[in-house]
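All chains are named by letter (A, B, ...) in the order of the sequence lines, taking the proteins before the strands, and each is independently numbered beginning at 1.
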Amino acid sequence: MAAPLVEVKNIKKYFPVKKGVLGRKRSFIKAVDDVSFTINKGETLGLVGESGCGKSTTGRLIMSLLELTEGQIYFEGNQISNLTNNQIRNTRENFQMIFQDPYASLNPRMKIRDIINEPLIIHGYNKGDRMNRITELLEIVGLSAYHADRYPHQFSGGQRQRIGIARALAINPKLIIADEPVSALDVSIQSQILNLLKDLQKSFNLTYLFIAHDLSVVEHISDRVGVMYLGKIVEIADKETLYKNGQHPYTKALLSAVPIPDPKLKRERIILNGDIPSPANPPSGCTFHTRCPLATEICKQEVPKLRQIGEGHSVSCHLV
Amino acid sequence: MTEKMLEITNLKTYFHGDDGVVKAVDGVTITVNKGETVGVVGESGCGKSVTSLSVMRLLHDTPGEIVDGSITFEGKSLLDLSEKEMRMIRGNEIAMIFQEPMTSLNPVYKIGKQLEEVIKLHLHYDKKEARNHAVNMLKLVGLPRAEDVVNEYPHQLSGGMRQRVMIAMAMACNPKLLIADEPTTALDVTIQAQILDLMRKLRDESERSIMLITHDLGVVAEMCDRVVVMYAGEVVEEADVLSIFENPKHPYTKGLLGSVPKLGQDLEKLDSIPGNVPTPANMPKGCKFAPRCEFAMDVCWKKDPSLLATNGNHTCRCWLYQDQEKILEV
């Protein structure tokens, strides 16, 4: 079996919070707490979860935009989590990111040409190639060459997201980390971008880490899906297994909570009580036990381990 | 016999900007019957929120102005009321839930004070009664530790809890009509499920009417009896919820339904509507959807079609369903 493109091993990211007089007392927000997974070449791994579950932090850790507290990240078998900043910059030609907010992630003072040009300069393309590449990229994402001389404010949200995608594609990366790429867009534009991402994956043999909160979107685009809750992966499996035969009570509740655009469908809905606990003060044992309809004594005391229960299907729950 | 609660007829709300007039709402007619939930669906900029603000007459701080049309609530014309009379209706008979629970509560007042303000104004309770009523309302919407929450500030609550407070506030005077503008958009899925469940419960307990403004077709399918689809300031289709989802007529409605990935449905490609929503500055001359429509004919570029009944209560604004003679006239 081929080695996975990305391997994430027991990564942790704790953000310190200062408390007390003179900020001497320190506590931690455990944004990502012992997460491991792999992404194979050419596939799309979806990460879903509600706000504050650590899905975006995980993406940023793989991009090395944040420093790991603990753990290792391997890209094509080489560890990238112990590199210096300069070395990281060179490896970034292999992985690029698409951001959530197309309004905030493009510099308003730069022309589209310069925005797409920047990664090309950094990674040493010569000038003639760069201009050709920019035209080519704009056409790949469904814009035209004359758009290059415009500024971001002259574009709609969907077009800006296309520019963000062109910038990410510029240096032929192997992995693209897309952090909520369609959640800021209108429904009719959302499907254009999703179709574009799928087409690009086929043409350029891209690998995606697709981070989103919308379960229907993630199901549409992913091959495998990981569900996160309070900094941990609670269940990970291939798409069919997870959506048809999800085992973790949180996965089940999450799936049953999604409103489906079909008025005839009447479903038995699992409604969870309460809110997501604060990651600064997570519950003991299984972090989900405060909202879990099935919680027992052991859930309050012992942290469940992520165990494999089937081919590529792992769950962290005492009751499964 | 169904009783009409709210009747919006040919409403036109225009905004006067530096670059001329923006027709945010251009001839919208919507009726909400007693006990009925009507969904208003559309993408950003289609005028759905401006319609609701017009009903509440909350446009006086904006460059917006209602230039034509009428809004009738239980037989009273809302546009003819004085500001003082309108204030007695707002919050009391028609209440509104806004999208952003973060920004629609005042950050410097405690939750209890903000709730009691509405209660004292409309129900004329004294301080103690108002406090009791406030706590009861918070309990009704399922907020844990209601007695403590009244003494807390908005920033101490989570998004879901704040939205519950907003619903408690809207429900405090037992309004006959509730206008909910994207009530769950800012919330996580499991919290959204809680809030929708709560709204359904509150609706079924008394014969309350709800006008639910949203872009989420899943929410519409679950909550609404009737659906109004808006595009670029106009109603393009209206029907009961089953007809909209099973037999949509307007190409825009069809495109919208095809654009949404559904759980459990494995498609290689989603249908999508090409192009973008037109900006008010370059609004197409004929049918506003023509530039994005795959069925656009010559006539579509010349004249905007009228909203016609295709069968029974199903209406649609599209030349594909109009009389041939009328098309020839143009």
Query - Under 4.5 Å from a heavy atom of chain B, the part of A/I260 involved - result: both
Query raised in the report: Should the heavy atoms of other residues, nucleotides or ligands under 6.0 Å from CG of B/N313 be counted, would the total exceed 12?
Result: no
**Report entry** Residue list, side chain to side chain contact (heavy atoms under 4.5 Å, CB included) with B/A180, at least two apart or on another chain
**Finding:** B/I97, B/P183, B/M199, B/L212
Query raised in the report: In terms of heavy-atom pairs under 4.5 Å with chain B, which of A/G158, A/A257, A/P263 leads?
Result: A/P263
Write out all chain B-chain A donor-acceptor pairs shorter than 3.5 Å, or none if the list is empty.
residue : atom : partner : partner atom : Å
B/E43   : OE1  : A/S188  : OG           : 3.2
B/E43   : OE2  : A/S188  : N            : 3.1
B/E43   : OE2  : A/S188  : OG           : 2.6
B/S44   : N    : A/D186  : OD1          : 3.1
B/S44   : N    : A/D186  : OD2          : 3.2
B/S44   : OG   : A/D186  : OD1          : 3.2
B/S44   : OG   : A/D186  : OD2          : 2.4
B/S158  : OG   : A/D275  : OD2          : 2.6
B/D188  : OD1  : A/S51   : N            : 3.1
B/D188  : OD1  : A/S51   : OG           : 3.3
B/D188  : OD2  : A/S51   : N            : 3.2
B/D188  : OD2  : A/S51   : OG           : 2.4
B/T190  : N    : A/E50   : OE2          : 3.2
B/T190  : OG1  : A/E50   : OE1          : 3.1
B/T190  : OG1  : A/E50   : OE2          : 2.5
B/T190  : OG1  : A/R291  : NH2          : 3.1
B/Q194  : NE2  : A/L272  : O            : 2.5
B/Q194  : NE2  : A/G274  : O            : 3.0
B/E222  : OE1  : A/R269  : NH1          : 3.0
B/E222  : OE1  : A/R269  : NH2          : 3.4
B/E222  : OE2  : A/R269  : NH2          : 2.7
B/E246  : OE2  : A/K264  : NZ           : 3.2
B/G264  : N    : A/E219  : OE1          : 2.7
B/G264  : N    : A/E219  : OE2          : 3.2
B/E268  : O    : A/K198  : NZ           : 3.4
B/E268  : OE2  : A/K202  : NZ           : 3.3
B/K269  : NZ   : A/D199  : OD1          : 3.3
B/K269  : NZ   : A/D199  : OD2          : 3.1
B/L270  : N    : A/N195  : OD1          : 3.0
B/L270  : O    : A/N195  : ND2          : 2.7
B/D271  : O    : A/S191  : OG           : 3.3
B/I273  : O    : A/Q192  : NE2          : 2.4
B/G275  : O    : A/Q192  : NE2          : 3.1
B/N276  : OD1  : A/S156  : OG           : 3.2
B/N276  : ND2  : A/S156  : OG           : 3.4
B/R292  : NH2  : A/S188  : OG           : 3.0

**Report entry** Partner set under side chain to side chain contact (heavy atoms under 4.5 Å, CB included) for A/A166, not counting sequence neighbours
**Finding:** A/I116, A/L137, A/V141
Report task. Please identify each residue that fulfils side chain to side chain contact (heavy atoms under 4.5 Å, CB included) with B/P274, with sequence neighbours left out. Result -> none
Report summary line: Which of B/V219, B/L263, B/L217 passes side chain to side chain contact (heavy atoms under 4.5 Å, CB included) with A/P259? It is B/V219
Report summary line: The interface call for A/L194 against chain B, heavy-atom contacts under 4.5 Å, is side chain
**Report entry** Part of A/I221 within contact of chain B (heavy atom distance under 4.5 Å)
**Finding:** neither
Query raised in the report: Rounded to the nearest 0.5 Å, how far apart are CD1 of A/I193 and CG of B/L270?
Result: 12.0 Å
Query raised in the report: Tell me, side chain or backbone of B/V220 under 4.5 Å from chain A's heavy atoms, or both, or neither?
Result: neither
